[in-house]
Amino acid sequence: MSKQKHCLTARKCFFGEAGNDIVPSRKIAAALPDNIQINGICSHTPRSTTMSELRVRFAPSPTGYLHVGGARTALFNWLLAKNRGGTFILRIEDTDVERSTKESVDAILEGMKWLGLDWDEGPFYQSDYFPLYKEYVQKLVASGKAYKCYCTAEELDARRNLAMAEGRKPKYDGSCRDRADQPDDQPHVIRFRAPQGGATSFDDLIKGTITFPNEELDDLIIQRTDGTPTYNFCVVIDDATMRITTVIRGDDHVNNTPRQVQLYEALGFPVPQFAHVPMILGADKARLSKRHGATSVISYRDMGYLPEALCNYLVRLGWSHGDDEIFSREEMIAKFDISNVGRSASVFNTEKLNWLNAHYIKSSHPERLAALLLPHLSIREVSTLNGPDLVAVVKTLQERAQTLEEMAERAVFYYNAPVAYDDAALAKFDKELLLAVFTAVIEKLSSTSVADESEIDALFKTVCSENSWKMGQVGQPVRIALSGGTHAPGIGEIVVTLGVEETIRRILAAREFVAAK
RNA sequence: GUCCCCUUCGUCUAGCCUGGCCCAGGACACCGCCCUUUCACGGCGGCGACACCGGUUCAAAUCCGGUAGGGGACGCCA
């Protein structure tokens with residue numbers, strides 16, 4: 001990803017470039033405190049920045065890893081940007097300094113990179129722009145659209161609990177709304193003076209028109225006692241100054257949207273379009289969480305899923321294109337459209353993910369799979385240095401593995417000769433038969449110089465016909481001798497991959513084991 | 001409690017806007033058969049849903065109203 005270089009220039013663009021008057025970006029620049037310097041006009045000139053150019057963003061808060069829900073939101077944003085030739089921006093919402101961590105930022109970036117969701121601008125960190133937000137807060141205060149509130153958190157909590165207990169809406173009662181004296185030297189927050197009466201509505205690209213009575217909306221805090229800005233305020237400033245045209249985010253934000261719309265209006269910013277994507281639920285239909293198992297994107301990588309499989313799974317969760325199920329990256333981009341995103345929540349289903357993963361494993365290049373398999377083998381302390389070529393091994397396993405973890409598990413026997421055999425499977429054959437089969441196969445194998453699979457298969461057929469054995473009586477014991485069990489690739493494949501020499505060695509060992517019983 | 005949103009097979013969904021082609025199509029899972037030296041792959045078939053109640057209409061999954069259920073939000077978190 002050549003993003004880093006891009007980011008540096010793009011960062012300046014955060015404040016807008018010459019000739020762009022869609023959003024008062026110049027004003028932002030003018031309002032900027034001295035410690036955020038803009039070096040003249042940005043040298044990075046993006047493709048024509050007209051109002052019609054789509055600009056979307058993914059704005060995670062770094063308080064944990066990238067989970068599948070966030071990943072899907074990011075994917076939808078990315079897809080729409082690619083589909084429309086727009087710009088995808090990554091913004092880290094770390095205004096909660098207490099809970100935001102560098103580790104989370106790294107984990108999120110790692111997850112996005114693994115999924116192949118590259119961004120055109122950013123990552124921008126809201127914590128870098130506190131002075132900017134403060135400027136806007138001051139503007140609002142100066143124009144009377146925001147005011148100082150001296151109620152303490154404790155008082156507010158008490159009032160909220162009381163309201164809840166009495167069955168009332170727990171909204172701010174407006175005690176300080178019209179307070180005459182507004183001393184600066186006493187601890188206070190800044191609240192937005194929300195319009196009273198009437199209603200606020202917006203047209204959601206997914207859910208349609210949503211209207212909230214202004215009654216329901218109280219005066220939200222835009223600046224904390226410690227002077228830091230709050231989420232709902234920062235998003236508005238950022239989305240406006242970054243000239244975001246379409247906000248695609250989780251369903252859980254619809255309730256925040258009317259307040260944000262009011263803020264856009266109070267600030268004189270154009271209101272972007274909104275698209276709220278439904279939640280992803282667990283099997284019990286409750287919001288997906290850790291107790292439902294893995295939710296981190298990276299944990300899916302570690303469990304042996306291919307990024308294209310996860311993307312394909314995620315894109316079909318809530319979105320569809322007729323009866324299509326398999327989408328290459330290009331097809332996804334070409335076919336993606338917000339209007340085909342469903343309105344209801346969907347349940348995360350690992351089994352379908354497994355099916356897709358198996359599909360992509362089957363159609364991947366064995367060389368790539370071999371490389372991806374290495375870490376899964378090393379955690380099993382399996383060395384591929386002395387043994388068959390891993391690519392050849394992968395070819396015998398591709399058709400039968402749903403995940404790389406499963407493939408690694410099934411690959412172990414190629415490198416570590418069985419130390420034990422599946423007793424139940426072995427017990428299906430007489431001791432005499434086993435010894436005779438092993439002897440006959442060893443004999444045939446050592447007297448023939450065979451190389452390919454069909455020759456090996458022919459050799460086994462010959463052994464069968466010469467001794468009036470059925471294939472099941474020969475193949476199965478040999479499979480157990482070679483792999484230790486019955487869940488394995490075809491005999492021909494194993495022998496060719498393992499090599500005749502190693503094959504004989506293993507059958508010899510199995511014969512000794514049976515003889516000693 | 002209040003507000004907002006949602007509701008087609010077990011799950012993901014098509015169809016709904018522009019009623020009839022839908023006694024509802026596809027996919028995953030499940031079951032059966034075929035293929036097969038094992039495990040898989042693959043092929044074929046089966047099971048299985050319009051939340052409920054009213055209304056409009058010659059005709060409703062599709063339009064209207066209500067009910068129920070589920071989810072979300074209500075923070076000096078994001």
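Every chain is numbered from 1, with letters handed out A, B, ... down the list of sequences. Keep in mind that what you see is a predicted model, and the values were worked out from it rather than measured. The analysis underlying the following values was restricted to heavy atoms, covering all of them including side chains, and did not include hydrogens, waters or symmetry mates.
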> Between A:K285 and A:D457, which has a closest nucleotide on RNA chain B that is more 5'?
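Going by which nucleotide is closer to the 5' end, it is A:K285.
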
> Mind checking A:V347 for me? I need base, sugar-phosphate or nothing, with any heavy atom below 4.0 Å counting as a touch.
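The answer is sugar-phosphate, as A:V347 gets under 4.0 Å only of primed atoms, P, OP1 or OP2.
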
> Remember a base hit wins even if backbone is also touched, and classify A:T225 as base, sugar-phosphate or nothing at under 4.0 Å, heavy atoms.
base

> Of the residues in residues 479-492 of chain A, which ones touch RNA chain B at a heavy-atom distance under 4.0 Å?
A:R479, A:T486, A:H487, A:A488, A:P489, A:G490, A:I491

> Using only atom types and a distance under 3.5 Å, with no angle test, would you say the side chain of A:T497 pairs donor to acceptor with the backbone of A:E493?
yes

> Do we get A:R179 above A:Y147's six-membered ring, with its NZ or CZ under 6.0 Å from the centre and within 45° of the axis?
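Cation-pi check for A:R179 and A:Y147: fails.
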
> Need the pair for B:rU2. Rule: Watson-Crick or G-U wobble, both distances under 3.5 Å, any strand; none if unpaired.
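Base-paired to B:rA73.
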
> Can you pull out the residues from residues 200-222 of chain A that lie within a 4.0 Å heavy-atom distance of RNA chain B?
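The stretch gives A:K207, A:I210, A:T211, A:F212, A:E216, A:I221 as the residues lying under 4.0 Å from the strand, ordered by number.
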
> Please work out if A:T95 contacts a base, only the sugar-phosphate, or nothing of the nucleic acid, heavy-atom cut-off 4.0 Å.
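Contact class for A:T95: sugar-phosphate only.
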
> If I pick the P atom on B:rC9 and the same atom on B:rA49, what distance separates them, to the nearest angstrom?
9 Å

> Rounding to the closest angstrom, what is the interatomic distance between B:rC17 and B:rU7 at atom P?
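Those two atoms are separated by 15 Å.
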
> Please tell me whether A:S339 and A:D337 have a donor and an acceptor in their side chains that are separated by less than 3.5 angstrom.
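Judged by distance alone, the side chains do pair up.
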
> What is the base-pairing partner of B:rU57, counting Watson-Crick and G-U wobble geometry with both distances under 3.5 Å?
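Pairing partner: none.
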
> Look through every strand shown and name the nucleotide pairing with B:rU62 as Watson-Crick or G-U wobble, where both distances are under 3.5 Å.
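Answer to the pairing question: none, since B:rU62 forms no Watson-Crick or G-U pair.
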
> Between A:H276 and A:R249, do the side chains contain an N or O donor and an N or O acceptor separated by less than 3.5 Å?
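Looking only at side-chain atoms, A:R249 and A:H276 do form a donor-acceptor pair, the distance falling under 3.5 Å.
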
> Would you confirm whether A:H292, through its side chain, and A:S289, through its main-chain N or O, come within 3.5 Å as a donor-acceptor pair?
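Pair found, side chain donor or acceptor close to backbone of A:S289.
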
> Show your reasoning for whether salt bridge (charged side-chain N to carboxylate O under 4.0 Å, His left out) applies to A:E93 and A:R91.
CA-CA 6 Å; A:E93 312 227 307; A:R91 183 175 73 218; 2.9 Å; yes

> Using the rule given for ring pair (Phe, Tyr, Trp, His ring centres under 6.0 Å), can you reason through A:Y305 versus A:Y360, listing the C-alpha separation, both sets of side-chain angles and the distance that settles it, and then say yes or no?
CA-CA 9 Å; A:Y305 290 90; A:Y360 283 105; over 10 Å; no

> As a test of the definition: with a 90° window around 0 for syn, would you call B:rC41 syn or anti?
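With its glycosidic angle within 90° of zero, B:rC41 counts as syn.
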
> What is the base-pairing partner of B:rC47, counting Watson-Crick and G-U wobble geometry with both distances under 3.5 Å?
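When the pairing criteria are applied, nothing turns out to pair with B:rC47, so the answer is none.
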
> Are A:E325 and A:R316 ion-paired here, with the side-chain N under 4.0 Å from a carboxylate O?
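A:R316 and A:E325: salt-bridged.
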
> How long is the straight-line distance from CD of A:E453 back to CD1 of A:I494, given to the nearest 0.5 Å?
10.0 Å

> Tell me the partner of B:rA27, counting only Watson-Crick (N1-N3 plus N6-O4 or O6-N4) or G-U wobble (N1-O2 and O6-N3) with both under 3.5 Å; none if nothing fits.
B:rU11

> So, does A:D430 use its side chain to make a donor-acceptor pair with the main chain of A:L433 at under 3.5 Å?
no

> Checking base pairs now: Watson-Crick or wobble, both atom distances under 3.5 Å. What partners B:rU36?
none

> Tell me the partner of B:rC17, counting only Watson-Crick (N1-N3 plus N6-O4 or O6-N4) or G-U wobble (N1-O2 and O6-N3) with both under 3.5 Å; none if nothing fits.
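Because no pair has both required distances under 3.5 Å, B:rC17 counts as unpaired.
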
> P atom, B:rC16 versus B:rA51: distance in rounded Å?
16 Å

> Using the P atom as the point on both nucleotides, what is the distance between B:rU37 and B:rG46, in whole Å?
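Pairwise P distance, B:rG46 against B:rU37, rounds to 28 Å.
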
> Anything under 30° is parallel, anything over 60° is perpendicular, the rest tilted; go ahead and classify A:F327 against A:H321.
perpendicular

> Should we count CD of A:E443 as having more than 12 external heavy atoms under 6.0 Å?
no

> Both A:L281 and A:W319 contact RNA chain B. Which one's nearest nucleotide lies toward the 5' end?
A:W319

> Paired with B:rC22: which nucleotide, if any, by Watson-Crick or G-U wobble criteria at under 3.5 Å for both distances?
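WC or wobble partner does not exist here.
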
> Counting any heavy atom closer than 4.0 Å, what does A:H276 reach on the DNA or RNA strands: base, sugar-phosphate only, or nothing?
nothing

> Can you give the first and last nucleotides of RNA chain B, 5' to 3', that have an atom under 4.0 Å from a heavy atom of chain A?
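Under 4.0 Å from chain A, the extent on RNA chain B is B:rG1 to B:rA78.
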
> Looking at A:F192, does the NZ or CZ of A:R259 lie under 6.0 angstrom from its six-membered ring centre and within 45 degrees of the ring axis?
no

> Using the C1' atom in both, what is the distance from B:rC21 to B:rG72, to the nearest Å?
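Comparing C1' positions in B:rC21 and B:rG72 gives a spacing of 39 Å.
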
> Could you check whether A:R99 gets within reach of a base, just the sugar-phosphate, or nothing at all, counting any heavy atom under 4.0 Å?
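Result for A:R99 = base.
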
